[in-house]
Protein chains: 2
Amino acid sequence: MSEQAGRYSTLRLEHASTVDRVAGELRRAMFEGEVESGTPLRELAIAEQLGVSRPTVREALAQLVSEGLATREPNRGVSVATPDPAMVRDVCRCRFVLEGAGVLAWRDATPERRSEVRARLDEYVRAVDEGASYRDLNDLHLAFHVSLVGLTGSPRLMAMAQALVTELKLALAQVDRVRRNAHDQARSHEALVLLLEKDDVAGAHAFLEGHLSDAAEAILGALGAS
Amino acid sequence: MSEQAGRYSTLRLEHASTVDRVAGELRRAMFEGEVESGTPLRELAIAEQLGVSRPTVREALAQLVSEGLATREPNRGVSVATPDPAMVRDVCRCRFVLEGAGVLAWRDATPERRSEVRARLDEYVRAVDEGASYRDLNDLHLAFHVSLVGLTGSPRLMAMAQALVTELKLALAQVDRVRRNAHDQARSHEALVLLLEKDDVAGAHAFLEGHLSDAAEAILGALGAS
DNA sequence: AGAGTCTGGATTGTCAGACAATCTGACCAG
DNA sequence: CTGGTCAGATTGTCTGACAATCCAGACTCT
């Protein structure tokens with residue numbers, strides 16, 4: 001039963017709880033750039049706008065806070081998290097720890113998990129070729145990185161990785177589209193997977209470090225420029 | 001201001017929000033073994049028992065669920081998480097990834113963070129010598145492990161590590177005291193720190209892997225025996 | 001006029017009570 | 001003994017309310 005719940009979770013969003021729907025709507029608005037960082041999220045306003053009650057909104061907000069997408073100040077409510085350089089650096093640091101663990105687990109990973117990485121890469125590359133939207137490319141890009149962590153086969157590490165890329169997604173949304181050369185990104189990923197498929201785990205690990213470091217710098221630059 | 005809030009957070013628990021106090025009380029009851037794994041946590045019962053309202057309890061329960069200490073099944077409420085072998089293995093796996101990252105960061109860590117590890121070790125050893133209670137030893141033991149992750153200087157990695165040991169604490173509480181030889185544990189930790197202080201990072205990393213693997217086996221054994 | 005103080009409105013934190021939807025378990029019919 | 005139905009219990013959500021706190025602007029005093 002539990003694998004069903006997991007597998008169909010995206011399809012069952014229809015009758016997910018109201019709280020989850022509200023949280024999802026808020027996330028979407030944040031990723032879509034409809035609310036700027038630091039914007040206070042007023043409970044009553046959201047409740048009226050979405051046609052739900054205030055307690056429901058409160059629960060959804062608590063969810064966002066626990067995900068790091070928003071911050072709560074006592075008696076002052078919650079507001080959209082504002083990405084700062086320290087946060088970007090820390091997230092990328094964490095990503096290297098987690099994704100690095102995935103890369104190092106390449107040899108012990110099951111064939112399914114390895115082909116999952118390849119599948120995500122292909123999906124991303126195809127999207128790039130087809131000139132998909134910035135938003136979609138971004139999601140696919142991050143999905144690839146999460147699939148690296150999937151090589152460990154650890155649900156907790158994957159959950160942590162997912163939380164990290166979600167935080168990053170917010171930062172990217174705020175920074176108004178770090179539209180770096182998508183082809184370079186795809187090629188870089190391709191190189192990483194090729195190293196893995198050649199069984200050069202150490203090389204892939206080192207490559208990943210450079211890749212993530214580059215990503216951090218790019219975001220930091222965009223952040224400073226905004 | 002923010003560093004004050006962080007530094008004094010433990011002292012300010014007195015006038016923390018009601019929700020946090022409820023969540024804390026529930027955690028305490030779980031760690032104290034007052035509720036068994038799988039026990040349903042009824043909202044109304046808790047609300048009456050603690051003299052708070054049901055929405056408040058709901059928020060506290062949501063907090064526990066997001067920490068992995070409890071699970072929520074739709075329309076069936078939340079109940080205390082039941083530790084299973086896969087969970088223990090996964091937590092220990094994650095711990096190795098995070099604490100390993102801490103160990104590998106030894107050379108780049110600030111002197112304060114390194115002495116923090118030493119301080120936690122001394123504290124633990126002293127408590128063992130003084131024959132502290134099982135509960136206290138357990139907390140100090142886990143605090144030492146978290147301080148290893150602190151070597152990375154990454155607040156997110158530390159938060160993840162804290163969440164992991166909290167989950168483990170629950171498992172240990174349920175398993176009715178894995179009262180392994182506390183002296184061996186302390187000695188093992190001492191050996192690890194000595195390796196680090198001799199700058200043998202690789203050796204310490206390998207040692208940590210064995211240490212965590214042993215810990216997992218011990219807990220699994222106790223779990224199976226219960 | 002400038003600086004400190006006070007008050008009103010807005011917002012959160014928390015509570016009480018209520019209702020429909022769903023689940024559980026027991027009772028009853030075949 | 002098996003299967004269906006029903007009552008009780010519990011959750012998910014809503015409405016409405018109130019005290020505590022915070023912010024902004026007016027007000028007073030020098």
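Chain naming here is simple, since letters A, B, ... match the order of the sequence lines and numbering starts at 1 in each.
- The distance from atom CD of B:Glu43 to atom P of C:dA16 is 15 Å, rounded to the nearest whole Å.
- Spacing between atom CZ of A:Arg42 and atom P of D:dT21 amounts to 19 Å, rounded to whole angstrom units.
- Between A:Glu123 and A:Arg126, no side-chain nitrogen of the basic residue sits less than 4.0 Å from a carboxylate oxygen of the acidic one, so the salt-bridge criterion is not met.
- Among the nucleotides C:dG13, C:dT14, D:dT13, the one closest to the side chain of B:Ser53 is C:dT14.
- Taking atom CG on A:Leu44 and atom P on C:dG9, their separation rounds to 17 Å, with Å as the unit.
- Between B:Arg72 atom CZ and C:dC23 atom P the separation is 15 Å, expressed in whole Å.
- Regarding A:Asp20, its CG atom lies at a distance of 15 Å from the C1' atom of D:dT11, rounded to whole Å.
- Whole-Å rounding puts the B:Glu59 CD to C:dT14 P distance at 7 Å.
- Here the nucleotide nearest the side chain of A:Asn75, chosen from C:dT24, C:dC15, C:dG13, is C:dG13.
- Between B:His189 and B:His141, the two ring planes are perpendicular [angle over 60°; tilted spans 30° to 60°].
- A salt bridge links B:Asp122 to B:Arg118: at least one charged side-chain nitrogen sits closer than 4.0 Å to a carboxylate oxygen.
- In this model, the phosphate group of C:dT14 is not approached by any side-chain N or O of B:Thr56 to a distance below 4.0 Å at OP1 or OP2.
- The distance from atom CZ of B:Arg54 to atom P of D:dA17 is 20 Å, rounded to the nearest whole Å.
- Along DNA chain D, the nucleotide closest to B:Pro55 and the one closest to B:Gly77 are compared, and the more 5′ of them pairs with B:Gly77.
- When the P atom of D:dT13 is taken as reference, atom CD of A:Glu48 falls 19 Å away, rounded to whole Å.
- Rounding to the nearest 0.5 angstrom, the gap separating the OG atom in A:Ser53 from the CD atom in A:Glu43 is 10.5 Å.
- The side chain of B:Arg76 sits closest to C:dC23 out of D:dT13, C:dC23, C:dC15.
- Of the side-chain N and O atoms in B:Arg58, one or more sit less than 4.0 angstrom from OP1 or OP2 of D:dG12.
- Salt bridge A:Glu116/A:Arg120: present, at least one basic N to carboxylate O contact under 4.0 Å.
- Taking only side-chain nitrogens and oxygens, B:Thr18 comes nearer than 4.0 Å to OP1 or OP2 of C:dT14.
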